[in-house]
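None of the values given here were measured: they were computed from a predicted structure.
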Amino acid sequence: MKKIVLSLLTAILFAATASAQSWRTQGRDSRSSSKGYNDFYYGLRLGLGISTVNSDDALLDAPGSRSGLNLGAVAGLQLSPGTPVYLESGLFYSEKGGKYTRNNCDLKYNLNYLKVPIVVKYAIELDYDISVVPHLGGYLAHGISGKIKDYNTRESWSAFCKSNFRHFDGGLIFGCGVSYDVLYAEINYELGLANISHDDFAKAHNGTFNLNIGVNF
């Protein structure tokens, strides 16, 4: 996994360098007034997510944080000419979950999703090259793989089964990004609203902080 992340990070940095050189060669007048954004743009993202699972079911509660990969591609469209408001969506592979380390238990929850975020962004230009980009929206996700591991008994079982978690997840996203030329970085929080517990009498929700870097073309 470390080799994969390093390779992806190298590819993004290479793409950013090449795109930035092209941006300077073509001239700044070809860009829109909100730097890093055109009427239509697309981009790549690579980041780290720090997540927990909060539940009133002791078997599903995982309040200890777990870090995971956040990888995806996005595309954005300006909603109105002359106004720096953009609608952005994309597709991400997102690793979520949590840890439970109380009462002589050492459990790790790995929940891996395909995620579709839909957010509205407002680009506030600070300088010719720099914009601050607050954003708000939501996400839909489907669990594609996952394990619950018990490090005391060295046993593991599927996270997405009838006695554990549902595949579907969804909720709100709010955060802020910064763009410099074609480079982009953001921090946001995903507040899970969908009940991911299979038990109709229990509730469980994901919560994730994401720190992403990437490029916009």
task = Compare every heavy atom of S55 with every heavy atom of L60, then report the nearest pair and how far apart it is.
result = CB-OG, 3.8 Å
ask   = Going from OG1 on T153 to CG on L107, what distance comes out if it is rounded to the nearest 0.5 angstrom?
value = 8.0 Å
query = Can you check whether A204's main-chain N or O pairs, donor with acceptor, with N195's side chain at less than 3.5 Å?
reply = yes
request  = Could you tell me whether the side chain of Y139 reaches within less than 4.5 Å of the side chain of D169, counting heavy atoms only?
outcome  = yes
inquiry  = I'd like to know if the side chain of H198 and the backbone of S163 have a donor-acceptor N/O pair within less than 3.5 Å.
reply    = no
message = Check the orientation of F209 and Y189. Use parallel for under 30°, tilted for 30 to 60°, and perpendicular for over 60°.
response = tilted
query = Can the positive tip of K96 be found less than 6.0 Å from the middle of the six-membered ring of Y113, inside 45° of the ring normal?
reply = yes
ask   = Is there side-chain contact between P134 and I124, with at least one heavy-atom pair below 4.5 Å?
value = yes
task = Enter the distance from D181:CG to N216:CG here, rounded to the nearest 0.5 Å.
result = 11.5 Å
key: Over all atoms of both residues, closest heavy-atom pair of A123 and Y86   = CB-CE1, 4.2 Å
side-chain contact (heavy atoms from CB on, under 4.5 Å) evaluation trace for D150 with I148 = CA-CA 7 Å; D150 188 332; I148 299 176; over 6 Å; no
ask   = Of all heavy-atom pairs between T208 and S51, which one has the smallest distance, and what is that distance?
value = OG1-CB, 3.3 Å
key: Same apolar cluster: V178 and V215, side chain cutoff 4.5 Å   = yes
request  = Step by step, work out the side-chain contact (heavy atoms from CB on, under 4.5 Å) result for E190 and N210.
outcome  = CA-CA 8 Å; E190 296 177 5; N210 294 307; 2.9 Å; yes
message = Under the criterion side-chain contact (heavy atoms from CB on, under 4.5 Å), I'd like the reasoning laid out for S197 against K203: C-alpha separation, chi angles, the key distance, then a yes or no.
response = CA-CA 6 Å; S197 171; K203 295 181 180 180; 6.0 Å; no
inquiry  = With a 4.5 Å cut-off on side-chain heavy-atom distances among I, L, V, M, F, W and Y, is there a chain of contacts connecting F168 to L111?
reply    = no
query = Taking all non-hydrogen atoms of both residues, which atom of S94 and which atom of K115 are closest, and how far apart?
reply = OG-NZ, 3.9 Å
task = Any chance you could measure K121, atom NZ, to S179, atom OG, to the nearest 0.5 Å?
result = 9.0 Å
ask   = So how far is it from T52 OG1 to I50 CD1, rounded to the nearest 0.5 Å?
value = 10.5 Å
message = What I'd like to find out is whether the side chain of I118 reaches to under 4.5 Å of the side chain of I173, using heavy atoms alone.
response = no
request  = Going by the side-chain hydrogen bond (donor to acceptor under 3.5 Å, both in side chains) test, name the single residue among K147, R66, E95 that passes it with N110.
outcome  = R66
Pair L136-V119, side-chain contact (heavy atoms from CB on, under 4.5 Å): steps then yes or no = CA-CA 5 Å; L136 175 66; V119 297; over 6 Å; no
key: Side chain proximity check, Y109 to N164, heavy atoms < 4.5 angstrom   = no
4.5 Å side-chain heavy-atom contact, R45 and F92 = yes
remark   = In short, Y100 meets P63 closest at the heavy-atom pair CD1-CD, 4.2 Å
task = Could you tell me the separation between the NZ atom of K149 and the CZ atom of R154, rounded to the nearest 0.5 Å?
result = 10.0 Å
ask   = Does I130 belong to the same Ile/Leu/Val/Met/Phe/Trp/Tyr cluster as I187, with side-chain heavy atoms less than 4.5 Å apart forming each link?
value = no
query = Hey, does L48 have a side-chain heavy atom less than 4.5 Å from the side chain of N70?
reply = no
Donor on one side chain, acceptor on other, Y41 and Q78, under 3.5 Å = no
task = Report yes or no: do F174 and L193 belong to one cluster of Ile/Leu/Val/Met/Phe/Trp/Tyr joined by side chain heavy-atom distances under 4.5 Å?
result = yes
ask   = Do F160 and L59 share a hydrophobic cluster, counting only Ile, Leu, Val, Met, Phe, Trp and Tyr and linking them when any side-chain heavy atoms are less than 4.5 Å apart?
value = no
message = To the nearest 0.5 Å, what is the distance between NE2 on H142 and CG on L114?
response = 8.0 Å
task = Locate the shortest heavy-atom distance separating V116 from S89; write the atom from each residue and the value.
result = CG1-OG, 3.7 Å
